[in-house]
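Report on the following structure.
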Amino acid sequence: MKNFFDVLNRYVAENQPGFGDGESVLTLLYEAYSECNRLDDTQIKADFNELYRLMNGMELQEMDKIIYPVCKLCRDHERSGFTEGIKIGIMLARELS
C-alpha cells in the first residue's frame with residue numbers, strides 16, 4: 001500500500017490536478033494504480049502472443065492498424081472498470097457509515 005501512495009504522491013506532484021472534469025480524483029487514482037500494476041499478467045501476455053500469431057505475415061503497418069485500437073480498447077476497459085469499482089466502493093462506504 002505504501003508503494004501505491006508513493007506513486008500517487010509523485011504523480012500529483014508531477015501532474016498538478018485540474019478539477020474541471022468532475023472525476024479527476026478518480027483519474028489520479030487510476031494513473032497511480034496503473035503505475036503500480038503494470039499489464040504484464042501472464043494471461044494478457046498469452047492473449048497478445050495469440051493475436052501476434054494470428055497476424056503473422058502481415059506488414060507492420062497492417063499490424064499497427066489492429067494493435068493500436070486493441071491496446072486503446074484494453075486501456076479504456078481497464079480504466080472504466082477501475083473507476084466504476086471506486087464509485088461502488090464509495091457508495092458502500094456511505095451505506096456502512
Side-chain angles (χ1 to χ4, degrees):
M1 192 61 138
K2 181 182 180 321
N3 185 29
F4 175 77
F5 286 118
D6 290 344
V7 171
L8 181 59
N9 285 327
R10 187 177 74 244
Y11 183 83
V12 171
E14 293 171 0
N15 303 284
Q16 292 299 314
F19 294 105
D21 67 355
E23 290 190 343
S24 58
V25 171
L26 289 176
T27 302
L28 292 172
L29 286 171
Y30 172 75
E31 294 298 331
Y33 165 81
S34 65
E35 277 191 45
C36 289
N37 298 286
R38 292 285 178 212
L39 292 177
D40 57 1
D41 175 273
T42 304
Q43 183 62 49
I44 292 170
K45 285 181 181 178
D47 292 343
F48 269 102
N49 285 337
E50 176 65 8
L51 179 60
Y52 285 123
R53 187 189 66 74
L54 293 170
M55 293 187 305
N56 189 23
M58 286 183 167
E59 291 184 18
L60 187 56
Q61 290 177 330
E62 289 179 81
M63 292 174 71
D64 286 347
K65 288 179 183 178
I66 295 170
I67 290 297
Y68 292 155
V70 166
C71 290
K72 183 180 182 313
L73 176 65
C74 292
R75 186 192 65 235
D76 292 346
H77 182 73
E78 180 192 29
R79 180 179 294 149
S80 175
F82 177 85
T83 56
E84 290 305 308
I86 293 291
K87 289 175 185 177
I88 290 170
I90 290 168
M91 289 171 58
L92 177 61
R94 284 180 184 161
E95 287 182 18
L96 293 175
S97 59

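Salt bridge Asp6/Arg10: absent, no basic N to carboxylate O contact under 4.0 Å. Between Glu50 and Arg53, at least one side-chain N (NZ, or NE/NH1/NH2) sits under 4.0 Å from a carboxylate O, which counts as a salt bridge.
Distance check: Leu51 CG to Ile66 CD1 gives 7.0 Å after rounding to the nearest 0.5 Å. Note that CZ of Phe48 and CD1 of Ile67 are 6.0 Å apart. Values are rounded to the nearest 0.5 Å. Rounded to the nearest 0.5 Å, atoms CD1 (Ile44) and CG (Asn49) are 12.0 Å apart. How far CE of Met55 is from NZ of Lys65: 13.0 Å, rounded to the nearest 0.5 Å.
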Please assess Glu84 against Lys87 for the test salt bridge (charged side-chain N to carboxylate O under 4.0 Å, His left out), listing each intermediate value before the final yes or no. CA-CA 5 Å; Glu84 290 305 308; Lys87 289 175 185 177; 3.2 Å; yes
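For Asn56, there are no side chain to side chain contact (heavy atoms under 4.5 Å, CB included) partners two or more places apart in sequence or in a different chain. Listed by chain and residue number, Leu60, Tyr68 satisfy the side chain to side chain contact (heavy atoms under 4.5 Å, CB included) test with Asp64 (two or more places apart in sequence, or in another chain). When the salt bridge (Lys or Arg N to Asp or Glu O under 4.0 Å) test is applied to Asp47, no partner is found at least two apart in sequence or on another chain.
Listed for the Thr83 side chain is a donor-acceptor partner under 3.5 Å among the backbone atoms of Arg79.
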